[in-house]
Peer 1: 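Questions regarding the structure given below will be posed in turn.
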Amino acid sequence: MRIAIIGSGCSGLTAIKNLLDAGLKEIICFEKSDQIGGNWVYTAAPGHSSVSEATHIISSKALSQFSDFPMPDDYPDYPSHQQVLAYFQAYARYFHLDHYIRFNTAVLRAEKIEKERWCLHLDDGTQAEFDYLLVANGHHSVPRHPDWKECFTGKYLHAHEYKTNQGLEGKRILVVGAGNSGCDCESPRVLRRLQLLREWSHE
């Protein structure tokens, strides 16, 4: 039984681990970049679905860690993106998951073929057939824009493109949305205030 996984972020890694725990060995995880981590691999280059320079997780480490691999004791309650990536890397090493990952290989198209099997078309021009396919390529790669985008007269920047706050000094900024991405885009002063409130709440 041959199984393909697309993406080696947190979901792809846990998919490999749980399949191995079930006794399955014919597994290939296709990762288009040169390392694991998915959205947690920071890069200043636009286009990659990555975190920003100042990103910290907004859920506590106690609620974000794997049940069979706790985060380090010296991690803060809300780890930085560097710490989260290091945690995933340690997870992959500990359970020997890297052996099943093919890096620098993008899946261009997945085609269902006879007998309910899958044919993957890879960016190196080759094809590979599998009995099962698990897709773990993330949900942050395609930005969604509001209807009024074209009517806005100021500089418009989607969180997908936001990496640092450089160049935004002294400007009035409207952040639309207060989820993970919205929190990442807040100014360092606001983030510091939130950190102080968290620290105060623990006293």
Peer 1: Enter the distance from H145:NE2 to H158:NE2 here, rounded to the nearest 0.5 Å.
Peer 2: 5.0 Å
Peer 1: Are side-chain heavy atoms of Q82 and Y42 found at a separation under 4.5 Å?
Peer 2: no
Peer 1: Is there a side-chain contact between P72 and Q83 (heavy atoms, below 4.5 Å)?
Peer 2: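 Side-chain contact under 4.5 Å: no.
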Peer 1: Between atom CD of Q65 and atom CE of M71, what is the distance when rounded to the nearest 0.5 Å?
Peer 2: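 Between Q65 CD and M71 CE, I get 6.5 Å after rounding to 0.5 Å.
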Peer 1: Quick check for you: to the nearest 0.5 Å, what is the distance between K17 atom NZ and I27 atom CD1?
Peer 2: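 K17 NZ to I27 CD1: 12.0 Å, rounded to 0.5 Å.
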Peer 1: Would you say the side chain of K163 lies within less than 4.5 Å of the side chain of E53, judging by non-hydrogen atoms?
Peer 2: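 A side-chain contact is absent here, since even the closest heavy-atom pair is not under 4.5 Å.
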Peer 1: Just how far is it from atom CD1 of I113 to atom SG of C119, taken to the nearest 0.5 Å?
Peer 2: 5.5 Å
Peer 1: Out of R117, R2, K115, which one pairs with D131 under the side-chain hydrogen bond (donor to acceptor under 3.5 Å, both in side chains) rule?
Peer 2: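 Answer to the side-chain hydrogen bond (donor to acceptor under 3.5 Å, both in side chains) test with D131 among R117, R2, K115: R117.
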Peer 1: Using distance only, find each side-chain donor-acceptor pair of residues 85-105 under 3.5 Å and give its atom names and separation, not counting sequence neighbours.
Peer 2:
residue : atom : partner : partner atom : Å
Y87     : OH   : F66     : N            : 2.8
Y87     : OH   : F69     : O            : 2.4
T105    : OG1  : F103    : O            : 3.0

Peer 1: Which heavy atom of I36 sits nearest to which heavy atom of V41, and what is that distance?
Peer 2: O-CG2, 3.2 Å
Peer 1: So, E31 versus S33: side-chain donor-acceptor pair below 3.5 Å or not?
Peer 2: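 Yes - a donor-acceptor pair under 3.5 Å links their side chains.
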Peer 1: Please give the remaining members of the hydrophobic cluster of V176, linking ILVMFWY side chains under 4.5 Å, ordered by chain and number.
Peer 2: W148, F152, Y156, L174
Peer 1: Once rounded to the nearest 0.5 Å, what's the spacing between atom OG of S80 and atom CH2 of W40?
Peer 2: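 If I round to the nearest 0.5 Å, the distance is 9.0 Å.
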Peer 1: Short question: side chain of E169, backbone of G167 - any donor-acceptor pair under 3.5 Å?
Peer 2: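 Yes; judged by distance alone, with no hydrogens or angles, the pair exists.
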Peer 1: Could you state the interatomic distance from OH (Y75) to OG (S60), rounded to the nearest 0.5 Å?
Peer 2: 14.5 Å
Peer 1: Could you work out the complete set of other residues in the hydrophobic cluster of L122, with links drawn between I, L, V, M, F, W and Y side chains under 4.5 Å apart?
Peer 2: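 Listed partners: I6, I28, F30, V107, W118, L120, F130, L133, V135.
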Peer 1: What's the shortest heavy-atom distance between G12 and A136, and which atoms?
Peer 2: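 Looking at all heavy atoms of both residues, the shortest contact is N-CB, 3.7 Å.
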Peer 1: Considering residues, nucleotides and ligands other than D74, do more than 12 of their heavy atoms fall under 6.0 Å from its CG?
Peer 2: yes
Peer 1: Heavy atoms, side chains only, cut-off 4.5 Å: are I5 and L19 in contact?
Peer 2: yes
Peer 1: How close do T55 and V51 get, heavy atom to heavy atom, and via which atoms?
Peer 2: OG1-CB, 3.6 Å
